Amino acid sequence: MSTLHSKAAEQYQRHPEVVQRHDQTFFGVRQKRDRMAHALPEWEALREAASQIKKHTITHLADYLEQFEQQARKNGVHVHWARDAREYNQTVYDILQSHGVRKVVKSKSMLTEECHLNQSLEKQGIEVVETDLGERILQMMRLAPSHIVMPALHVHREDIAECFRRAGLPVESDDPTHLTYVARMHLRQQFMEAGAGMTGANFGIAATGDVVVCTNEGNADMSTSIPPLHIVSMGIEKIIPDYQSMGVFQRLLARNGTGQETTVYTSHFRGPRPGGEMHIVLVDNGRSSILANQEHWQTLKCMRCGACMNTCPVYRRSAGYSYTYFIPGPIGINLGMLRDARRYSDNVSACSLCCSCDNVCPAKVDLSTQVYRWRQQLDSLGKADPMKKIISGAMAFLFDRPQVYTTALRLSPAVNWLPGPVVQSSLNPWAYGHQMMKFPPKSFHQLWKEKQL
């Protein structure tokens with residue numbers, strides 16, 4: 001039985017040149033990450049430190065959130081709390097409405113994607129302009145992000161040029177430098193017109209009340225330095241204890257995410273700019289439930305670097321839009337299941353259990369183990385593949401009866417004599433996508449016994 005992910009991946013695979021380009025692009029980022037890791041002798045010590053800091057913070061989350069709120073208020077920041085997406089969207093709208101804001105410039109934030117903030121504000125007459133170049137391109141194309149760090153890396157420059165032309169921008173060629181210049185001029189006008197700027201948060205420093213935002217384009221700084229109102233959207237799991245902890249994560253984030261030593265801009269916001277206001281909205285939206293989940297709480301250690309996607313052989317060859325949850329890849333599989341296990345259960349098949357994601361995760365989240373656990377729950381959710389259940393039953397019958405198993409091994413080379421069209425037919429799922437194996441004359445068991453003799 002095909003899943004929604006497998007069907008979408010099959011459609012994507014019909015364009016091998018696109019698949020190859022996507023695969024090579026993201027594996028190239030993985031290779032940059034490896035070069036960065038090998039250049040630091042203390043790399044594994046940093047990963048272990050990050051894992052332990054996150055574990056400590058999450059298991060003492062209430063204390064650190066209270067400390068963060070107190071320090072932020074001392075800094076002159078307004079702090080709000082939102083239990084879910086509806087409450088979050090309403091809080092942001094109320095802040096904007098109270099200031100008479102009709103246009104918002106917004107730095108990239110996966111939390112706002114999670115809560116569908118843009119759509120919510122636009123329905124209420126507020127224009128939202130994404131200022132991250134990739135996000136702005138996708139917004140103009142009316143597409144969702146395909147990756148959490150490089151959201152538009154799958155879009156070709158020819159398509160971007162055509163999109164800009166349709167929007168009335170003065171495009172003369174599809175040269176990337178020229179397109180970037182056109183986008184820069186377009187966005188500068190948006191910054192000047194906006195009444196508020198919004199950012200996400202990579203980290204919230206409990207000891208000082210600081211919000212830290214990491215970008216490569218400086219758009220977060222533009223969004224917060226020109227409009228008088230700054231609104232920060234932050235999931236409660238983004239809290240870390242202090243600046244000493246920040247030093248660990250700062251060394252890991254960009255190296256894992258994009259293969260850089262650090263992001264071009266690491267902006268620290270401690271309070272409102274002169275004459276302005278700063279608001280922080282701390283959002284739960286299911287995170288407390290994740291924390292209470294004994295098997296999957298480690299998902300909260302994730303700092304959204306995207307390294308697990310860059311290394312994942314399934315993501316690289318099926319792309320982000322094949323996943324039904326808005327975050328793709330290994331972390332997206334687990335987050336989707338925690339959000340709604342029945343709705344997003346098809347994604348758990350999008351994993352080869354190669355464990356590469358575990359090996360690259362800077363916070364040592366056990367991603368593949370969690371995917372495996374979800375697979376064991378599919379039957380109880382009513383989402384198990386009937387054919388796989390039949391095959392598993394047949395294998396159990398075979399393995400529980402040594403004589404039957406041995407006989408089957410001896411007879412298996414007979415399959416080699418079947419006509420090719422029979423073996424390579426749709427009735428044989430093992431033959432899908434590759435040539436069927438040839439059974440050897442002797443099984444491993446037979447060869448082992450002969451050697452022992």
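None of the values given here were measured: they were computed from a predicted structure.
Taking 4.0 Å as the cut-off between side-chain N and carboxylate O, R136 and E130 do not count as a salt-bridged pair. Using a 4.0 Å cut-off between charged nitrogen and carboxylate oxygen, E42 and R251 count as a salt-bridge pair. Taking a cutoff of 4.0 Å between a charged side-chain nitrogen and a carboxylate oxygen, D23 and R317 qualify as a salt bridge. Ion pairing between E44 and R47 holds under the 4.0 Å rule for side-chain N and carboxylate O. Electrostatic pairing of E114 and R287 counts as a salt bridge here, judged by a charged N lying under 4.0 Å from a carboxylate O. At a threshold of 4.0 Å, the pair E48-K364 counts as salt-bridged, since one of the basic side-chain nitrogens sits closer than that to a carboxylate oxygen.
The backbone N or O of V149 lies less than 3.5 Å from a partner atom in the side chain of H147, making a donor-acceptor pair. R375 contributes a side-chain N or O that, together with a main-chain N or O of V348, makes up a donor-acceptor pair within less than 3.5 Å. A distance-only check finds a donor-acceptor pair linking the side chain of S146 to the backbone of G320 [under 3.5 Å]. Remark: side-chain polar atoms of E217 are paired, donor with acceptor, to backbone N or O of L133 under 3.5 angstrom. No donor-acceptor pair under 3.5 Å is formed between the side chain of Y344 and the backbone N or O of Y323. Checking side-chain atoms of D358 against main-chain N and O of S368 turns up a donor-acceptor pair under 3.5 Å. Side chain of D221 to backbone of T215: no donor-acceptor contact under 3.5 angstrom is found. Formation of a donor-acceptor pair under 3.5 Å by the R273 side chain with backbone atoms of H230 is not found in this model. In terms of modelled atom types and a separation under 3.5 Å, the side chain of D346 and the main chain of T324 share no donor-acceptor contact. When atom types are taken as modelled, the side chain of R316 and the backbone of F26 share no donor-acceptor pair closer than 3.5 angstrom.
Checked against the 6.0 Å centroid threshold, H38 and W43 do not count as a close aromatic pair. You'll find the ring centres of Y315 and H22 inside the 6.0 Å limit. Under the 6.0 Å cut-off for aromatic ring centres, F164 and H186 do not qualify, their centroids lying 6.0 Å or more apart.
Atom NE2 of H5 and atom CG of N347 lie 6.5 Å apart (nearest 0.5 Å). Here the straight-line distance linking atom OH of Y88 with atom NE2 of H116 works out to 12.0 Å at 0.5 Å rounding. Residue L61 holds its CG atom at 8.5 Å from CD of E237, rounded to the nearest 0.5 Å. Of the inter-residue distances, the one linking L40 atom CG with R255 atom CZ reads 4.5 Å to the nearest 0.5 angstrom. Residue F68 holds its CZ atom at 10.5 Å from CD1 of I240, rounded to the nearest 0.5 Å. In this structure, the separation between CD1 on I239 and CD1 on I58 is 11.5 Å, given to the nearest 0.5 Å.
In the model, W81 has no side-chain atom that pairs as donor or acceptor with a side-chain atom of E87 under 3.5 Å. For the 3.5 Å distance criterion, the side chains of Q71 and D210 fail to qualify, holding no donor opposite an acceptor. Side-chain polar atoms of T263 and T266 form a donor-acceptor pair below 3.5 angstrom. Counting only N and O atoms by type, the side chains of S223 and S107 include no donor and acceptor under 3.5 Å apart. Side chains of K32 and T258: a donor-acceptor N/O pair is absent below 3.5 angstrom, by distance only. In this structure, a donor-acceptor pair under 3.5 Å is absent between the side chains of T131 and Q190. Under 3.5 Å, the side chains of N256 and R33 contain a donor-acceptor pair of N or O atoms. A donor-acceptor pair shorter than 3.5 Å can be found between the side chains of E277 and H279. For the residue pair S245 and D242, a side-chain donor N or O sits within less than 3.5 Å of a side-chain acceptor on the partner. Defined by atom type and a distance below 3.5 Å, a donor-acceptor pair is present between the side-chain atoms of E193 and Q189. Side chains of Q70 and R73: a donor-acceptor N/O pair is absent below 3.5 angstrom, by distance only. A donor-acceptor pair shorter than 3.5 Å can be found between the side chains of Y64 and H56. Side-chain polar atoms of K301 and Q298 form a donor-acceptor pair below 3.5 angstrom.
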Worked verdict on Y265 versus N216 for side chain to side chain contact (heavy atoms under 4.5 Å, CB included): CA-CA 6 Å; Y265 298 88; N216 279 321; 5.9 Å; no
For D84 and D284, what are the C-alpha separation, side-chain angles and deciding distance, and is it a side chain to side chain contact (heavy atoms under 4.5 Å, CB included)? CA-CA 6 Å; D84 52 29; D284 188 319; over 6 Å; no
The test is side chain to side chain contact (heavy atoms under 4.5 Å, CB included); show your working for M309 and C312 and say whether it passes. CA-CA 5 Å; M309 301 177 192; C312 177; 5.6 Å; no
Stepwise salt bridge (Lys or Arg N to Asp or Glu O under 4.0 Å) check, D132 with K108: CA-CA 6 Å; D132 174 89; K108 186 162 75 70; 5.7 Å; no
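With sequence neighbours excluded, the residues satisfying side-chain hydrogen bond (donor to acceptor under 3.5 Å, both in side chains) with T262 are Q250.
Put simply, the side chain of D175 does not reach to within 4.5 Å of the side chain of L179, judged on heavy atoms. Looking at heavy atoms from C-beta onward, I126 lies out of side-chain contact with E122 at the 4.5 angstrom threshold.
Contact record, G200 with V213: O-CG2, 3.4 Å, taken as the closest heavy-atom pair.
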